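Structure first, commentary second.
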Amino acid sequence: MAVDGLSYRWPRFATLAKARPRPLIRDGQLDRRVMRREFITDEELLSQLRLNGVTDPEQVKRAYIEPNGMVSVIRPDQETPDEPLPPPAG
């Protein structure tokens, strides 16, 4: 809680203290160096991909291990996560 408070007060501190997402897959290719560093096996990663509806890593544009331990998956046909959603029609 103290780290969160300091990070909120001083954003520069947050860049040093807080974890960032790490790329596990880039354009369908597993990044084994990051997987080793994060202690993730092929089976664990494939299991996380299946939970996200993906059966083959080559179907993935990017996959990240998030600071909370979850794996986020971005497919080539999906919009990038940084793009805002369009307003609802109506």
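This chain uses plain numbering: 1 for the first residue, then up along the sequence. Both backbone and side-chain heavy atoms feed into the values below; hydrogens, waters and symmetry mates do not. What you are looking at is a predicted structure, and each value in this text was computed from that prediction instead of being measured.
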Problem set entry | Inter-residue atom distance Ser72.OG - Ile65.CD1, 0.5 Å rounding |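 The CD1 atom of Ile65 is 8.5 Å from OG of Ser72, to the nearest 0.5 Å.
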Problem set entry | Pairwise distance CZ(Arg26) to OH(Tyr64) - rounded to 0.5 angstrom |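 Here the interatomic distance stands at 7.5 Å.
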If every non-hydrogen atom of [X] is compared with every non-hydrogen atom of [Y], which pair is closest and at what distance?
{"X": "Arg62", "Y": "Asp27", "value": "NH1-OD1, 3.3 Å"}
{"X": "Val71", "Y": "Leu24", "value": "CG2-CD1, 4.2 Å"}
{"X": "Pro57", "Y": "Leu46", "value": "CG-CD2, 3.7 Å"}

Problem set entry | Single-linkage hydrophobic cluster Val34~Ile74, side-chain heavy atoms < 4.5 angstrom |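 In one cluster with Val34: Ile74, no.
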Exercise. Would you call Asp31-Arg22 a salt bridge at under 4.0 Å N-O?
Worked result: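 Looking at Arg22 together with Asp31, the answer is no, because their closest N to O distance does not fall below 4.0 Å.
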Exercise. Does the pair Asp77 and Lys61 meet the rule for a salt bridge (charged side-chain N to carboxylate O under 4.0 Å, His left out), with working shown?
Worked result: CA-CA 9 Å; Asp77 58 343; Lys61 181 177 180 182; over 6 Å; no
For [Y], is there any backbone N or O sitting under 3.5 Å from a side-chain donor or acceptor partner on [X]?
{"X": "Gln29", "Y": "Ile25", "answer": "no"}
{"X": "Glu44", "Y": "Thr41", "answer": "yes"}
{"X": "Asp56", "Y": "Glu58", "answer": "yes"}

Exercise. Given side chains that start at C-beta, do those of Arg75 and Val60 come closer than 4.5 Å, heavy atoms only?
Worked result: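 Arg75 vs Val60: side chains apart.
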For this session: Sequence neighbours left out, what passes side chain to side chain contact (heavy atoms under 4.5 Å, CB included) with Arg32? Give chain and number order.
Result: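 Partners of Arg32 under the side chain to side chain contact (heavy atoms under 4.5 Å, CB included) test: Leu30, Met35, Arg36, Asp42.
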